[in-house]
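Indexing begins at 1, ligand by ligand and atom by atom, following the structure's order. In this text, all values refer to a predicted model and were calculated from it rather than measured experimentally.
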Amino acid sequence: MAGRDVIEKLGREVTILPSLLLCDFANLQSEVEQLEQAGIRGLHLDVMDGQFVPNLTYGMPIVDALRKVTEMPLDVHLMIKQPERYLSAFANAGADLLTVHIEACEDIVSTLAEIRSLGMAAGVALDPATEIARIESALPVADLVLVMSVPAGFGGQSFEPDALEKTRQLASRDDGNWILEMDGGISMDTISSCRSAGANWLVIGSAIFGQQSYADAIEQLLHTANR
Ligand code: DX5
Ligand code: ZN
């Protein structure tokens with residue numbers, strides 16, 4: 001999928017992207033099949049380096065493995081220092097959308113441009129402690145803005161309500177150029193406020209993978225979001 005195609009494919013309507021951080025990695029293919037059957041249309045992959053964040057997860061091999069078993073868009077969230085070192089590696093592994101953290105990048109504008117030139121859509125993420133002003137220069141060149149509603153690093157943390165105001169402010173400035181994504185602590189209790197703040201895509205980990213039936217969890221989450 002080239003560049004902004006992934007944005008067109010998933011669209012701007014409320015969309016749930018499961019964060020595969022908490023899935024069963026010994027059965028990745030069947031996890032993906034279950035999610036697809038539950039109506040999921042894109043996957044969110046959390047790459048952490050033990051440096052930018054204290055947690056360490058996975059990298060290109062998992063993206064590559066997923067690329068072989070699904071045609072769903074792969075939304076890759078890089079929580080790594082100097083992400084510019086790995087942009088082409090993730091493009092080659094099959095990422096469709098690559099999001100980098102403003103706090104981890106030296107030159108956000110050129111990093112986003114390079115992501116696009118590699119044929120992927122480009123996202124910029126900001127942690128709860130980071131002001132919108134920090135991403136000002138990135139806004140005209142981003143395909144996606146990711147508002148973190150927990151500090152990047154771990155699944156299962158509590159939602160930070162201040163992220164709603166940040167999302168509202170960004171939504172009020174959105175001229176249709178970028179997707180607004182929220183990530184962290186989104187559950188049955190918080191999903192509708194994320195939606196009403198103006199988020200398009202909602203990344204969800206524990207509220208799906210902590211449940212017996214992914215399909216039931218996803219249906220209930222979507223129903224609550226759209227209420
Ligand atoms: C946090 C990650 C998230 C997170 C989502 O650094 O980016 O994608 O794992 O998990 P929950 O929904 O459990 O907060
Ligand atoms: Zn994430």
Exercise for the section: Could you go through the side chain to side chain donor-acceptor pair (under 3.5 Å) check for Tyr214 and Glu31 one step at a time? Expected result: CA-CA 9 Å; Tyr214 300 166; Glu31 292 282 78; 3.0 Å; yes
Exercise for the section: Run the numbers on Leu45 and Tyr58 for side chain to side chain contact (heavy atoms under 4.5 Å, CB included), then give the verdict. Expected result: CA-CA 9 Å; Leu45 309 180; Tyr58 53 77; 3.5 Å; yes
Practice task
Decide if atom OH of Tyr86 counts as having more than 12 heavy atoms of other residues, nucleotides or ligands within a radius under 6.0 Å.
Solution key: no
Exercise for the section: Verify, without hydrogens or angle tests, whether Arg195 (side chain) and Leu202 (backbone) share a donor-acceptor contact under 3.5 angstrom. Expected result: no
Fill in the blank from the handout: the protein heavy atom lying closest to atom 12 (O) of ligand 1 turns out to be Gly205 N, 2.8 Å
Exercise for the section: Answer yes or no: does atom CD of Glu219 have more than 12 heavy-atom neighbours from other residues, nucleotides or ligands under 6.0 Å? Expected result: no
Completion exercise
atom 2 (C) of ligand 1: closest protein heavy atom, distance to 0.1 Å, is Asp46 OD1, 3.5 Å
Handout entry: Glu181 vs His44 side-chain heavy atoms within contact, under 4.5 Å
Key = yes
Fill in the blank from the handout: Of all the N, O or S atoms in His44, the one nearest to the Zn ion (ligand 2) is NE2
Exercise for the section: Under 4.0 Å from a heavy atom of Met48: give me the atoms of ligand 1 that qualify, with their elements. Expected result: 6 (O)
Exercise for the section: Could you see which bit of Ile204 sits under 4.0 Å from ligand 1, with heavy atoms only: side chain, backbone, both or neither? Expected result: backbone
Practice task
Check if Gly185 has a non-hydrogen atom at a distance under 4.0 Å from any atom of ligand 1.
Solution key: yes
Handout entry: the Zn ion (ligand 2) - closest N/O/S atom in Asp46
Key = OD1
Practice task
Would you mind naming the N, O or S atom of Asp183 nearest to the Zn ion (ligand 2)?
Solution key: OD2
Practice task
Check each atom of ligand 1 against the heavy atoms of Gly153 and keep those under 4.0 Å away; list them by number with element.
Solution key: 1 (C), 6 (O)
Exercise for the section: May I ask you to test the Ser137-Ile108 pair for a side-chain heavy-atom distance under 4.5 Å? Expected result: yes
Handout entry: Approximate separation, where rounding is to 0.5 Å, of Ile208 CD1 and Ser187 OG
Key = 11.5 Å
Exercise for the section: Would you mind listing which atoms of ligand 1 come within a distance below 4.0 Å of any non-hydrogen atom of Gly184? Expected result: 14 (O)
Practice task
List every atom of ligand 1 that sits less than 4.0 Å from any heavy atom of Gly156, numbering the atoms from 1 in the order shown and giving each element.
Solution key: 11 (P), 13 (O), 14 (O)
Practice task
Report the member of Val150, Thr99, Leu20, Asp183 with the shortest heavy-atom distance to atom 5 (C) of ligand 1.
Solution key: Asp183
Fill in the blank from the handout: Of all N, O or S atoms in His77, the one closest to the Zn ion (ligand 2) is ND1
Fill in the blank from the handout: Logged contact type for Ser206 with ligand 1, heavy-atom cut-off 4.0 Å, is both
Problem - Taking atom 9 (O) of ligand 1 as the reference point, the nearest protein heavy atom with its distance - result: Leu21 CD2, 3.0 Å
Completion exercise
Correct closest heavy-atom pair for Val63 and Leu74 would be O-CD1, 3.9 Å
Handout entry: Atom indices of ligand 1, in the order listed, that fall short of 4.0 Å to a heavy atom of Ala152
Key = 6 (O)
Problem - Ion pair check, Arg85 and Asp49, cut-off under 4.0 Å - result: no
Practice task
Please identify which atoms of ligand 1 are closer than 4.0 Å to at least one heavy atom of Met79.
Solution key: 6 (O), 7 (O)
Practice task
Give a yes or no on whether a salt bridge exists between Arg168 and Glu165, defined as a side-chain N under 4.0 angstrom from a carboxylate O.
Solution key: yes
Practice task
Could you say whether the N/O atoms of Gln157 and ligand 1 ever approach to under 3.5 Å?
Solution key: no
Exercise for the section: Could you tell me which atoms of ligand 1, counted from 1 in the order shown, lie closer than 4.0 angstrom to a heavy atom of His77? Expected result: 7 (O)
Handout entry: Close-contact set for ligand 1 against Phe154 heavy atoms, below 4.0 Å
Key = 1 (C), 6 (O)
Practice task
Would you mind checking if Glu136 and Arg173 are paired as a salt bridge, meaning a charged N to carboxylate O distance below 4.0 Å?
Solution key: yes
